[in-house]
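To start, the structure under review is shown below, and the notes come after it.
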Amino acid sequence: MSQFLEFTVLGLILGSVYAISATGLVVTYTTSGVFNFAHGAVGMIAAYGYWELVTHHVPGALAMVLVVLVAAPVFGVFIEWLLMRRLLGDTGERPVMVTLGLLAILIGLALVLFGENRGDTLSPLVNGTIRILGVGVTAQDLVIAGSAAAIAAALRVLFHSFRLGVALRAVVDDPELLATAGASPVAMSRTGWVLGSVLAALAGVLLAQQQQTSLDTYTLALLVVSGFAAAVFGRLRSVPLTYAGGLVLGLAVVYFGSYAQPHLGTLGPDLSAALPMIFLFAALIALPSVRLRAVGRLSTLRPPRVATGWESLIAAGAFCLVALACSMTLTGTVAGGTSSFGVILDHTMAYGIVGLSLVLLVGYAGQVSLCQFAFMGIGAFLMGKVAGGGSLLGLLLAAVVCAALGALIALPTVRLRGLYFTLATFAFADAAYTGIFPDTRVLGQGLNVGQIVLPGLSFGSNRAVFLLLAAAFVLTALLVLAIRRSLLGRRLVALQDSPAAYATVGLNAAFTKVAVFAIAAGLAGLAGALYGTAAGTVGTSDFDIFTGVVFVLFVVVWSVRTVSGAFLAALSFAVLTHVWTNGVGLFAGAGIVLVGWTPNGILGIGPLARLVPERWIGRRHRATGDAGSLVGVVDGREGEIRAAG
Amino acid sequence: MPPADAPAAERPAHAAGRPVLEVRGVAVHFGGVSALTDVSLSVAAGSVTGLIGPNGAGKTTLFNVVSGLQAPNSGTVTFEGRDLARMPPHRRARLGIARTFQRLELFGTLTAEDNVRVGLESSIRWWQWRRLRASFPWAHDVSGDGARAAGSRVVSLADRLLAGVGLAGHEDQQSSAMPTGNARMVELARALAMQPKLLLLDEPGSGLDEHESEALGTLLLQLAADGMAVLLVEHDMELVMRVCDRVHVLDFGHVVASGSPDEIRADPRVQTAYLGAPSGGARPPGGGR
Amino acid sequence: MSGQRLPAAPPITVDGVRAGYGRIEVLHGIDLQVPAGSIFALLGPNGAGKSTLLKVIGGHVRATAGEVHLGDLPVGGRSVEHLARLGLCTVPEGRGVFPNLTVRENLRIWTYSARIPLGEVEERTYTAFHRLADRRQQAAGTLSGGEQQMLALSRALVSDPSVLLVDELSMGLAPLVVAELYEMVGELAARGMTVLLVEQFVTTALAVATRAAIMTNGRITAEGSPSEMAEAALSAYLAS
């Protein structure tokens, strides 16, 4: 019994940690309509700022005030002015991309300024231990539990009993109406971001103080991720429900880890780390479907040109020649390691295929997926394990199993609106990365993926394996382009443009979305298998969730609607990760700011757009319709038109 | 039942066929606001049925109910004797219900021709490999003659449909860049590409000039003469009076009058519906069928 | 906020206004004089540009040419919220309420332009519209259409504006409710404000209006007394 009480107290404290970050997310969403993926990163920067001040002998309480009540509001005003004002009312994928870009740029900044790990712990604001119900609790834990409850209560009062709070809730629904009532929507939006930043900073410093480990950039920035589930539990709108969701989640994690996990220990991977994400996935599935509506808003985006069959074949031929030339510089076997140039080449091809899957998914179909790297990891695992390592069958299996898994994930989630779908892919990616991949039976620190050996043909040399990857990339590129020019491509673009019209011409939107997600997952799985066989050994860190997110940003920055964009994203990503790891996030983040004004990415900028060898399908067979006569009724889809009248 | 005094030349030969669409007692509430309180009407094959009424009377809501974008709170919708309750929009469309939208719902990033092609090819399922393959562009460019023929047939059908609504020469224009009138005709061509049995048109005449509007009228009469059932929501009274066999007047959520265009024109309740009750008093009770 | 509050019931002067959305011009040069303290009805068929004109006057849509004056105050370049605090009240098309907020919370938002405490705002509103009193804790979106319009109109009731712009008050409402709402508009005008109505129901609007104009295709085609306009409107609507 006393043990149960202890677990309960621990669970409530952990739940308060979740709640404190989740309520901040809810505040930002309620006041701006933006789900702020960078919320944790703001807290991380605040924690570092606090640490800097304290190491320069500023008293803890004063440092806290400076960080939370001075620096954070200034930061909130700044990002509202720079980025968020432009997103008010945008329901597309742009807000997600912009906040992910902010996450990347803040992590990049922290890496440059503070390094990945400070090797220092923050001393808590208050020290000491108190016994509650026979359980020893640190004063810091109590401060967090108290803050979480106080914040939730204060926000509840603000949002319902103060004019400012009511107006903050109203601004997202109808900024124009708010203006006619005499309140400035811009001022409201700014206030919302100030409030959100203050809460993020407060949570960041408090949680960093609570962490028993040293200050770690990634840990701090992604700490808030566990709070996503609580925020979704509150439907991103209700502070009390979010607080309750946080506590329930905290209890569930502690109970599961204490009671269930010991019995499962040998059966499966450690699920307790992935539990918040499983909880998030479950909370998302419980949400109501988005209603199909005619919105009457035309997409005015000018899409890039699409290459014709011959054009893409010629480009593919040229690509093959360049790849062949590059391969001449490669020597040695995979087992013996390869040159930096070789690694960059291999990575470009493998990431390139993932990029192509994103072109299909994000560029054509408008579905933002953050879990392509998770499918890569699964592909590499299958390649290494299931087919005995390095069989051609492994490639096939990686593609097929990932496609099936993709369909399984998409089935319950495609009916949700875009943001929730993206969160579901994030939940899956995080669960795979934290819960499944680290298990030594899956990837662990390193899994040996064998080399493909065919009768009379071995892909054990660096040159051969690169050529294999290049061939796979070029074939995938041709496939993606062909899909774009085919009926499938027209359907994907049509679905993105108007779901309501898509349904009313007799097409099943849910089926199409599941299918394209499955195809993209299969491609990512294939890329992972190839990545594995080229690298020889892969580990969990190869399929880092943050790296995966940053790669999505790279593709969006270059141009998520073109095959060239995917290739350039993969190339620059492979080069940057190799030569300047810390710059990867900075590049992606800075690029995303640019995407604000050029939706087609770098390749969408005027003169560059003309260089891209992709254009609208050339027309060959033009029928001579009798213009002027208004009557032409199809009389059999495969048949003839009967011109009447 | 074409009225006897209708100009014979403009009336379809077999105006009133069997009822294709039956709407019975449909009600829709949004929160506390009732958009439709009790609507019943039917649309016959081979005829144009008009639906008129002031803004906010619930006309578009009724279209959403029939096409499946809005579930009614009560009432039934039957199509060719089949109850459509709980049937998703895409399955209704496959049964032969096509529609256009008052606020355009084009596939904006596609060209006019590709908009129509999506409609033409909507019957192709993902597993119908041969038909699918025929739609692939390399069928035109790279592979053999059979596939090329099949692929080009779709293109030619699409172009002829566009020519049919007066858009010859506009095939390669991005549809979102077209003026409203032309964009409406692209939507109409896309709907016709599905070969519907029932065509729901939500203000197709707005944004058209006089000549285009007249041509649209002729087209609608021709479609009805070919046996299609057309339900027309329109503010252009001239068009409604010219092409409709029967007109229903919808006001604050229910049908207040039904009849031939001439009966409707003479009905005081219609004047009331459009111009408001005299000096704000109560309006004569509605519901004439 | 800078600027003086508008004087009670100023005239509205529209001078050669052109406006539109993107490249499409909706208003092709509008000249209109709304006399001080009048109830002016702007009539016309669907798509004539009435609502756009109202949006230009309210500061929502910027005129590409010409200027609107409320009394001596030019509208151009001023933000919507600034105009609201100077005494311009807009009851927009559709439902001018926040559906996710309760009745009481909506009234709380009205206090941004009302300059009286919430208690008084509530008292005035519930006195005029008894039905809202019972629903003060109910989300506005769950009210009936008529009740929502009452709530929207209550903004004019509590903020004592100088100019009141009303767009399609009767949309989708039963005639008895419309009559009640227009009765309130008449009462409001009697307190001393200039009222500009956009309305599709000619008879209803002309019953309260002191002057009227007809718009077709982005131009004013007729202007005169309500009785003169009744005839003209009939032919503009039912082309027969």
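Order of the sequence lines fixes the chain letters, A, B, ..., with proteins taken first and strands second; residue numbering starts at 1 for each chain. Because the structure is predicted, anything quoted here is derived from the model rather than measured. All values below come from the heavy atoms of this structure, side chains included, with hydrogens, waters and symmetry mates left out.
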Please state whether the side chain, the backbone, both or neither of L95(B) comes within less than 4.5 Å of a heavy atom of chain A. neither
Classify the ring geometry of F473(A) against F319(A): parallel below 30°, tilted from 30° to 60°, perpendicular beyond 60°. tilted
Residues in salt bridge (charged side-chain N to carboxylate O under 4.0 Å, His left out) contact with R415(A), at least two apart in sequence or another chain: none
Can you pull out the residues in residues 61-72 of chain B with any heavy atom less than 4.5 Å from chain A? S67(B), L69(B), Q70(B)
So, E203(B) and K59(B), do they make that salt bridge, N to O below 4.0 Å? no
Under the side chain to side chain donor-acceptor pair (under 3.5 Å) test, which residues partner D174(A), sequence neighbours left out? none
If you look at every heavy atom in R242(B) and T218(B), which pair is closest and at what distance? NH2-OG1, 3.0 Å
With sequence neighbours excluded, tell me which residues meet salt bridge (charged side-chain N to carboxylate O under 4.0 Å, His left out) with R82(B). none
